[in-house]
Student: 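Quick one: the structure is below, questions incoming.
In what follows, every chain begins at residue 1, and chains take the letters A, B, ... in the order their sequences are listed.
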Amino acid sequence: MSVRQEIAEERFEKVSVNWSKLKQQTWQQLLLRFAFGAGIAIVASLAGDLVGQRFGGLFLAFPAILPAALTMVERQEGEGKAEVDAMGASLGGLAMIGFAVVVKTLMPRLGAPLAEAAGWIVWLALALGLFLLVRGILQIMRDRRDQDRR
Amino acid sequence: MLPKFWSKSYSLAIKEGFEMHSIPWSEVLVKSVAAGLFVVVISVLSTMFRPKFFAGLFAGAPSVATVGLLLSGLNQPPKAATEAGGMILGAVGLVGSTVTAAVLLPRLGALGACGGAWAVWGLVAGLLYLLVPR
């Protein structure tokens with residue numbers, strides 16, 4: 001099976017949690033991720049204070065996790081697997097638009113904790129919904145392709 | 001309520017044209033440490049899931065935003081709402097950057113894909129910031 005076929009097949013695996021991955025984290029990886037997150041938060045704060053809150057807000061959606069994730073996934077599992085990761089990240093990014101719209105709308109009325117809680121519920125619902133939708137579409141396409149071959 | 005040090009502004013005057021700005025360094029420090037820790041938690045969580053297609057969702061999770069907006073919103077909700085407005089534009093850029101990363105990764109490797117993704121994010125977010133009215 002080619003790498004591309006492996007990637008396509010992996011998409012249809014059942015979602016599972018591998019707890020042993022917790023022990024496999026290295027300090028170097030954790031520090032890199034911390035540095036990305038902390039660095040972007042500093043840039044967002046300074047941009048907001050110096051230029052304006054709307055400009056600073058742009059950086060709250062900076063792809064902070066993506067580069068670290070791509071680099072580490074590539075090292076561990078090969079470029080193909082990382083590509084799949086990036087596709088999932090696109091769906092997560094779409095869900096992030098929903099998070100930001102909800103927080104912007106509810107923040108002045110409900111305050112920060114409730115607005116953020118609502119935002120996270122919307123993010124989870126959208127991310128899961130989009131994941132299931134896209135996977136379902138891919139599955140239908142795969143089934144049709146298989147039928148055509150027969 | 002927030003501890004007293006939060007409201008104390010360790011100001012640094014920065015000349016930007018004829019305007020003087022005051023930077024609350026204690027707020028910046030708390031935000032950056034909290035955001036860094038939250039990013040670590042979310043990214044470790046993402047590595048535990050299979051398939052990678054599902055795990056990738058967490059790379060689009062609002063990790064830095066959660067901390068930034070919460071800490072801004074506790075003191076000044078309207079300020080945080082304005083930040084969230086900017087975040088909507090940045091999130092559109094994020095989608096563009098992840099699509100770019102997916103396309104470039106097999107061709108350029110992780111470093112090239114990251115560079116391309118960041119460039120596309122800056123371009124999309126910057127253009128939207130300039131073109132979309134408040």
Student: Grab the two heavy atoms, one from Trp123(A) and one from Gly60(B), that are nearest each other, plus how far apart they are.
Tutor: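 Looks like NE1-O, 3.2 Å.
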Student: Among Leu46(A), Leu124(A), Leu31(A), which residue forms the greatest number of heavy-atom pairs with chain B at distances under 4.5 Å?
Tutor: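 Sorted descending by pairs with chain B, the first entry is Leu46(A).
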Student: Which class fits the ring pair Phe59(A) and Trp121(B): parallel under 30°, tilted 30 to 60°, perpendicular over 60°?
Tutor: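 The rings of Phe59(A) and Trp121(B) sit tilted, inter-plane angle from 30° to 60°.
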Student: Which of the residues Thr66(B), Val67(B), Leu89(B), Thr100(B) is involved in the greatest number of heavy-atom pairs with chain A at under 4.5 angstrom?
Tutor: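 Going by pairs under 4.5 Å, I would pick Thr66(B).
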Student: Compare every heavy atom of Ala35(B) with every heavy atom of Gly37(A), then report the nearest pair and how far apart it is.
Tutor: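 Closest approach of Gly37(A) to Ala35(B): O-CB, 3.9 Å.
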Student: Kindly indicate, with the supporting measurements, whether the criterion side chain to side chain contact (heavy atoms under 4.5 Å, CB included) is fulfilled by Phe34(A) and Leu37(B).
Tutor: CA-CA 6 Å; Phe34(A) 179 86; Leu37(B) 291 174; 3.9 Å; yes
Student: Please round to the nearest 0.5 Å and tell me the distance separating atom CG of Leu94(B) and atom CD1 of Ile97(A).
Tutor: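 The CG atom of Leu94(B) sits 8.5 Å away from the CD1 atom of Ile97(A).
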Student: Drop me the distance from Ile88(B)'s CD1 to Leu60(A)'s CG, to the nearest 0.5 angstrom.
Tutor: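 The distance works out to 11.5 Å.
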Student: Look at the side-chain heavy atoms of Ile, Leu, Val, Met, Phe, Trp and Tyr, link any pair under 4.5 Å apart, and say whether Ile121(A) and Leu130(A) land in one connected group.
Tutor: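 No, it is not one cluster - the side chains of Ile121(A) and Leu130(A) are not joined through contacts under 4.5 Å.
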Student: Please tell me if the side chains of Val64(B) and Phe62(A) come closer than 4.5 Å, counting only heavy atoms from C-beta onward.
Tutor: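 Counting from C-beta outward, Val64(B) and Phe62(A) never come under 4.5 Å.
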Student: Testing the basics here: between Val95(B) and Gly93(A), what is the closest heavy-atom pair and its distance to 0.1 Å?
Tutor: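 The pair with the smallest heavy-atom distance is CG2-C, 3.5 Å.
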Student: For residues Leu69(B) and Phe99(A), determine if any side-chain heavy atom of one lies less than 4.5 Å from a side-chain heavy atom of the other.
Tutor: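 Yes, their side chains come closer than 4.5 Å.
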Student: Let's test your reading of the structure: which of Glu116(A), Gln25(A), Glu13(A) forms the most heavy-atom pairs below 4.5 Å with chain B?
Tutor: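 It is Glu116(A).
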Student: Nearest 0.5 Å, what's the CZ-CG distance between Phe55(A) and Leu130(B)?
Tutor: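 So the CZ of Phe55(A) and the CG of Leu130(B) are separated by 9.0 Å.
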Student: Could you state whether Phe53(B) and Phe12(A) fall into the same hydrophobic cluster, counting links through intermediate Ile, Leu, Val, Met, Phe, Trp or Tyr residues with side-chain heavy atoms under 4.5 angstrom apart?
Tutor: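 Yes, it is one cluster - the side chains of Phe53(B) and Phe12(A) are joined through contacts under 4.5 Å.
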Student: So which residue, Ile42(B), Leu29(B), Leu104(B), Val40(B), ends up with the most heavy-atom pairs under 4.5 Å with chain A?
Tutor: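 Top option by heavy-atom pairs under 4.5 Å: Val40(B).
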Student: Side chain to side chain contact (heavy atoms under 4.5 Å, CB included) for Arg135(A) and Phe54(B)? Distances and angles first, verdict last.
Tutor: CA-CA 10 Å; Arg135(A) 197 160 77 156; Phe54(B) 181 81; over 6 Å; no
Student: So do Arg33(A) and Val44(B) actually touch side chain to side chain, heavy atoms under 4.5 Å?
Tutor: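 Yes. Closest side-chain heavy atoms under 4.5 Å.
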Student: Please check if Val41(B) and Met48(B) belong to a single hydrophobic cluster, counting links between Ile, Leu, Val, Met, Phe, Trp and Tyr side chain heavy atoms closer than 4.5 Å.
Tutor: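 Shared cluster, no.
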Student: Considering only heavy atoms from C-beta outward, does the side chain of Leu30(A) approach that of Ser43(B) to under 4.5 Å?
Tutor: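 Not in contact.
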Student: Does one hydrophobic cluster hold both Leu128(A) and Leu126(A), with members joined at side-chain heavy-atom distances below 4.5 Å?
Tutor: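 No.
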Student: For the candidates Pro78(B), Ala61(B), Gly73(B), Gly126(B), which exhibits the highest count of non-hydrogen atom pairs separated by less than 4.5 Å from chain A?
Tutor: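 If we count pairs closer than 4.5 Å to chain A, Ala61(B) comes out on top.
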Student: Select one option (side chain, backbone, both, neither) describing which atoms of Val132(B) are under 4.5 Å from chain A's heavy atoms.
Tutor: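 Both parts, backbone and side chain.
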Student: Do you know which two heavy atoms are closest between Met96(A) and Ala91(B), and how far apart they sit?
Tutor: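 Reported closest heavy-atom pair: SD-CB, 4.0 Å.
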Student: Give me the ring orientation class for Trp118(B) and Phe36(A): parallel if the planes are under 30° apart, tilted from 30 to 60°, perpendicular past 60°.
Tutor: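 Taking Phe36(A) first and then Trp118(B), their aromatic rings stand perpendicular (interplane angle over 60°).
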Student: Between chain B and each of Arg54(A), Met107(A), Lys104(A), count heavy-atom pairs under 4.5 Å; write down the option with the most.
Tutor: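 Ranked by contacts with chain B, first place is Arg54(A).
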Student: Pro63(A) versus Thr98(B): any side-chain heavy-atom pair under 4.5 Å?
Tutor: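 The answer is no, as the side chains (C-beta and beyond) never meet within the 4.5 Å cut-off.
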Student: Measure Pro62(B) against the heavy atoms of chain A and call it side chain, backbone, both or neither at under 4.5 Å.
Tutor: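 Contact with chain A involves both backbone and side-chain atoms of Pro62(B).
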Student: Quick one: pull up OG1 in Thr47(B) and CD in Gln29(A) and give me the separation to the nearest 0.5 Å.
Tutor: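 These two atoms lie 8.0 Å from each other.
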Student: Using every non-hydrogen atom in the two residues, find where Val28(B) and Ser45(A) come nearest and quote the distance to one decimal.
Tutor: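 Taking Val28(B) first and Ser45(A) second, the nearest heavy atoms are CG2-CB, 3.8 Å.
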Student: Hydrophobic clusters here meaning ILVMFWY residues chained together by side-chain heavy-atom distances under 4.5 Å, can you tell me if Met87(B) and Leu123(B) are in one?
Tutor: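 Cluster IDs for Met87(B) and Leu123(B) differ.
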Student: At a heavy-atom distance under 4.5 Å, which candidate from Gly122(B), Gly86(B), Gly93(B), Gly90(B) has the highest pair count against chain A?
Tutor: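 Heavy-atom pairs under 4.5 Å are most numerous for Gly86(B).
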